[in-house]
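One structure below.
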Amino acid sequence: LVTGKDGSLWLSTPVGVAHFSAGLTRSFTVHNGLPAGAVTAIGSGEKDALWVAVKSAVSGASVLARIENNQIHRYSASDGLPAATILSLFQDHQQLWLSTPGQFCSWQPGLAARCFSSPLAGALTLQDDDDAATFTPKDLVTNIFFRVPGMRPEPVTTALANLSLTPRVLLRDRDRNLWIGTPGQGLFRLQNGSLQQLTRREGLSSNLINALYEDHDGNLWVGTADGLDEFRDTRVAHISTLEGLSSDLVTALWPARDGGVWIGTDGGLNRFSRGVITRYPKSSPSLSSTVLAVREDDAGRLWVATAIGVG
């Protein structure tokens, strides 16, 4: 799921992308101009545009599509793109950043991509920094996080170099700390170059982290395999089925307009607000109880992606 700059919602599907806006749904597939193949990455572009990377079933290289005002513009290696599969992409205010299995590139339409290989090859997630640098979660071999001002990769820290871990989710908080959720080793906080690990010993309900969210007051919410944790100052509050959650396996988090938080679990949708948990039943029998992602748009509509559909 990607939220557009206009508050609409984009969803990647097995056959293309779907756009939800003002109560209307429009699909983009090969039938209306999207390149044929598997969608490997989507990301917001300038204004209301969406970038879509599609892997060719023939060559294995990605073709980029830019969707804007319901029009699709296609770009390929002949337009300067690297001839490789695009794993992730990110648009800053100047250019598009692309990660492939062998290279990390910056690219603008009409210009040849500027690429370099190690150490950023294979980055699966990209994030913005205040000066338009880009973060990558990890090199797949060294577990080192990098920052890229211009085209010069700089290690943010080497503290992860000797750890065997796979970052699952990232969050940059208002104090410029980088939070790293893992599927078994708890939560890491990167602060001023130093690394702190938080596990069950520090109060986490589980070391398996699925979702991270910072609320308007600066509190950190952590969705785990055994419930929801709230970090307020140095204290940890735990919310689980004992307090009313539909399931302890928290899979998604999103801020609610009333200041609360929407909580997706493998047992349905919940909302936590002012100390009260409200459960929401499935809106359609065709939807699954396993919530994969939650978004609330600018009009107040809630979009819920489940294992077998969106409602």
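Everything numeric in this text was worked out from a predicted model, so none of it was measured.
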Between Ser246 and Thr265, does the side-chain hydrogen bond (donor to acceptor under 3.5 Å, both in side chains) criterion hold? Intermediate values first, please. CA-CA 7 Å; Ser246 56; Thr265 77; 3.0 Å; yes
Going through the checks in order, is the side-chain contact (heavy atoms from CB on, under 4.5 Å) test met by Ile67 and Val17? CA-CA 10 Å; Ile67 304 175; Val17 293; 3.7 Å; yes
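Counting heavy atoms of neighbouring residues, nucleotides and ligands inside a 6.0 Å radius, atom CZ of Arg174 exceeds 12 of them.
In this structure, Ile180 CD1 and Leu212 CG are separated by 10.0 Å, a value rounded to the nearest 0.5 Å. Here CG of Asp79 is found 9.5 Å from CG of Leu64. Values are rounded to the nearest 0.5 Å. In this structure, CD in Glu214 is found 5.0 Å from CG in Asp173, a value given to the nearest 0.5 Å. In this structure, Arg274 CZ and Ile277 CD1 are separated by 15.0 Å, a value rounded to the nearest 0.5 Å.
Remark: the Ser27 side chain and the Thr29 side chain contain no N/O donor-acceptor pair separated by less than 3.5 Å. Checking Thr251 against Asn210 by side-chain atom types alone, no donor-acceptor pair falls below 3.5 Å.
When every heavy atom of Leu204 is checked against every heavy atom of Leu198, the shortest pair comes out as CD1-O, 3.1 Å. The nearest pair of heavy atoms linking Thr224 to Ser205 is OG1-OG, 2.7 Å. Contact detail for Glu296 and Pro255: the closest heavy-atom pair is OE1-O, 3.5 Å. Nearest heavy-atom pair, Thr241 versus Asp248, reported as atom, atom and distance to 0.1 Å: N-OD1, 2.8 Å.
Judged purely by atom type and a 3.5 angstrom limit, Glu243 uses its side chain to pair as donor or acceptor with the backbone of Ser240. Judged by distance alone, with hydrogens and angles left aside, the side-chain atoms of Thr199 form no donor-acceptor pair with the main-chain N or O of Gly186 at under 3.5 Å. One N or O on the side chain of Asp215 and one on the backbone of Asp217 form a donor-acceptor pair closer than 3.5 Å.
Centroid-to-centroid, the aromatic rings of Phe272 and Trp221 come within less than 6.0 Å. Ring centers of Trp262 and Tyr213: at least 6.0 Å apart, outside the cut-off.
Each of Val250, Ile209, Leu253 was evaluated against Val222; a single residue qualifies, Ile209, per the side-chain contact (heavy atoms from CB on, under 4.5 Å) test.
No salt bridge links Glu202 with Arg200; every basic N to acidic carboxylate O contact stays at or beyond 4.0 Å.
Checked against ring-ring contact (aromatic ring centres under 6.0 Å, His included), Trp51 has the following partners two or more places apart in sequence or in another chain: Tyr75, Trp107.
In the hydrophobic cluster analysis, where Ile, Leu, Val, Met, Phe, Trp and Tyr join through side-chain heavy atoms closer than 4.5 angstrom, Ile72 is grouped together with Ile42.
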